[in-house]
Amino acid sequence: MADRGEELYRQRLSKLDRLRAQGIDPYPPRFHRTHTVEEALALFTRTEASGRTSRRRVTVAGRVVGLRGMGKASFADIRDGTGKIQLYIRSGDLPPDQAAVLRELDTGDTLGARGTLFKTRTGEITVRAESLTLLAKSLRPLPEKWHGLTNIETRFRQRYLDLLSNEGVRRIFTARSKMISSMRRFMDSRGFVEVETPMLLPIAAGAMARPFVTHHQALDRDLYMRIATELHLKRLIVGGMDKVYEIGRIFRNEGIDTKHNPEFTTMESYEAYADYNDVMAMVEEMMAFIAQEVMETRVASYGKHAIDFTPPWPRVTVRDAIRDKSGIDIGDPRYSDIEALRADIAGTGLKVAGLSPAQLFDKLLSNFVEPTIIQPTFLIDHPVEMSPLAKRKVDDPRYVERFEGFAGGMEIANAFTELNDPVDQRLRFEEQERFRLEYGDEEVDRLDEDYLLAMEYGMPPTGGLGLGIDRLVMLLTNQQSIREVILFPQLRSIEKLPPAE
RNA sequence: GAGCCGUUAGCUCAGCGGUAGAGCACCGGACUUUUAAUCCGGGUGUCGGGGGUUCGAAUCCCCCACGGCUCACCA
């Protein structure tokens, strides 16, 4: 970056020199303001309303985002985290030793100002500055004030510029923060205990995904970044922590697109003596609660749609949904031979060569069903092959007690009545390992002996939940790309190539 | 991983085979209630990188990098 904007950069460096020559520290260590911008504006409004004529004195600070010189007077707009206020600066009002501050001032600088509040002829609340303190000189120009910063790559690579110039971006991340707080309040109020479990693991299990590999030098062994928090949370259920949840980052070594980032945030919860019906009811309530608290409505605008989170959400079995949308009944006895199912799916034009049974079911769901689900809906009772950690249905062991919550065409929740039969669990993991060998499916779940050991001590009947927070934020802030709701989304690094010979 | 589109000044963009442009920003000057301040003067550039075609390339062709969209994989 140092080779760009060289001219502007040099100009500002020489301003630093001139300031220091005047005895002004362009980066002083501290500055105490008496009011935030928001507080200063409120103070004036209150004073004015009470009919008092005395002018209130404030000290405010912020980044200079606008500068209008008028000869011996200047107007500067400064912005802090709470808002924007105008300064009216008459050079004659300033102490002589501050003349250089005004003379060398640029947009982008951080400035402190003391002065009295008044309203200009055009009705804007303004601080008439008696004293200016330069707090941090900026050496780089801000993005253009009118069009702002729109280049998507720059917005993500230099997110601070995006946040400075695009008001809506700040709102998205404020909403994200509020949603997570709101979710915590909801879980805490129901007696859940928030916990933290390891991110570096000897085996990446608990979900179907390809993991990142890393290496521990002292142990001299490879470790994996977690792909889910599931298995550790269930160990805590075994240990008698009956209601636990974790909000945290997980990592999946897969493609990047508008709905996927390699690291993303989930909330997983496990509740002893609950089943998937209880969890479904909790998810409905939680989503409506968060939407109401953060957006002050249960109906979110998403693209052309209005998504209504009000409970109860429709419940549709996976079998019915697939049959209605694709005409294929995965419960047909003919499909006990998986090749018959493969042939029929191929008949719809989808590519199915080499796919495992779980991948075939997923293909049907993701192509025929998921994109059509706009309003919040629970798809329930998945085939056992897709769900190695879920308990089988008592009346039909080909299916499990599982649900996925969909809205806006995206999966946002995945939950089941947890499998607590250690013998069946071992068989399921072994079946997954067979799928891995037979179909080369790197994304099947992995056998985790340490987890099986925990199960063998006995886990009570438990309802578990995984919820994608990034996608939830997308839905509630009306964003079509996951990169818009992650402050620093993954991008390729720019590597400078040496000049060709 | 594949296809399509894009990359020009600090920012937002035009130019698409014949001397590199505009607005904002920036620099110099005028201006004591402006607010996209205004007025006068100034263009600050490896046209993403490399190679090729051509008398001549920002412009046409090829390769590469990065980004966006669609698809594939996934949540």
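We name chains A, B, ... by the order of the sequence lines, and we start the count at 1 in each one. Since the model is a prediction, treat every value here as computed from it, not as a measurement. Because only heavy atoms are used, hydrogens play no part in the values below, and waters and symmetry mates are left out as well, while side chains stay in.
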Query raised in the report: Using atom P of each nucleotide, how far apart are B:A20 and B:U44 to the nearest Å?
Result: 12 Å

**Report entry** B:C47 to B:C16 separation - C1' atoms, rounded to the nearest Å
**Finding:**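 Per the computed distance, 12 Å lies between those C1' atoms.
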
Tell me, please, which residues at least two apart from [X] pass ring-ring contact (aromatic ring centres under 6.0 Å, His included).
| X | result |
| --- | --- |
| A:F186 | A:F289 |
| A:F488 | none |
| A:F403 | A:F378 |
| A:Y88 | A:F75, A:F118 |

Should [X] be listed as having a side-chain N or O under 4.0 Å from OP1 or OP2 of [N]?
| X | N | value |
| --- | --- | --- |
| A:T150 | B:U12 | yes |
| A:R157 | B:G67 | yes |
| A:R492 | B:A65 | no |
| A:R210 | B:C73 | no |

Query raised in the report: A:R68 CZ to B:A37 P: how many Å, rounded?
Result: 5 Å

Query raised in the report: Roughly how many Å is it from CD in A:Q158 to P in B:G10, rounded to a whole number?
Result: 13 Å

Query raised in the report: Looking across every strand, which nucleic acid part, if any, lies under 4.0 Å from A:E404 by heavy atom: base, sugar-phosphate, or nothing?
Result: nothing

Requested in this report: Answer with base, sugar-phosphate or nothing: what part of the nucleic acid does A:M208 contact at a heavy-atom distance below 4.0 Å?
Outcome: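 The answer is sugar-phosphate, as A:M208 gets under 4.0 Å only of primed atoms, P, OP1 or OP2.
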
Partner lookup for [N], please. Criteria are Watson-Crick or G-U wobble with both distances under 3.5 angstrom; report none if nothing qualifies.
| N | result |
| --- | --- |
| B:A72 | none |
| B:A30 | B:U38 |
| B:A9 | none |

Query raised in the report: Between the side chain of A:R342 and the main-chain N/O of A:V352, is any donor-acceptor distance below 3.5 Å?
Result: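 Yes, A:R342 side chain to A:V352 backbone: donor-acceptor pair under 3.5 Å.
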
Query raised in the report: By a strict heavy-atom criterion of less than 4.0 Å, which residues belonging to residues 371-387 of chain A are in contact with RNA chain B?
Result: none

Query raised in the report: Looking at residues at least two apart in the chain, or sitting in another chain, which of them share a salt bridge (Lys or Arg N to Asp or Glu O under 4.0 Å) with A:D109?
Result: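 Once residues adjacent in sequence are excluded, the partners of A:D109 under the salt bridge (Lys or Arg N to Asp or Glu O under 4.0 Å) criterion are A:K137.
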
Query raised in the report: In the 5'-to-3' direction, what one-character label does each nucleotide of nucleotides 23-32 of chain B receive under the scheme B = base within less than 4.0 Å of a protein heavy atom, S = sugar-phosphate only, - = no such atom?
Result: BBSSS---BB

Query raised in the report: Is A:E411 salt-bridged to A:R471, going by a charged N under 4.0 Å from an acidic O?
Result: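 No, A:E411 and A:R471 are not salt-bridged.
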
Query - NZ/NE/NH1/NH2 to OD/OE distance under 4.0 Å, A:E418 and A:K234 - result: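 Salt bridge present between A:E418 and A:K234.
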
Please list, chain by chain and in numerical order, all residues satisfying side chain to side chain donor-acceptor pair (under 3.5 Å) with [X], sequence neighbours excluded.
| X | answer |
| --- | --- |
| A:D257 | A:H260 |
| A:S356 | A:Q359, A:D441 |
| A:T126 | A:Q86 |

Interface polar pairs with nucleotides 68-72 of chain B, N/O, under 3.5 angstrom:
from, atom 1, to, atom 2, distance (Å)
B:G68, OP1, A:R483, NH1, 3.3
B:C69, OP2, A:R483, NH1, 3.3

Requested in this report: Report yes if the ring of A:F75 lies under 5.5 Å from the six-membered base ring of B:A37 with planes under 30°, and no otherwise.
Outcome: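 Not stacked: fails the 5.5 Å / 30° test.
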
Query - Pair listing, side-chain hydrogen bond (donor to acceptor under 3.5 Å, both in side chains) test, anchored in residues 94-103 of chain A, at least two apart - result: A:Q98-A:S131

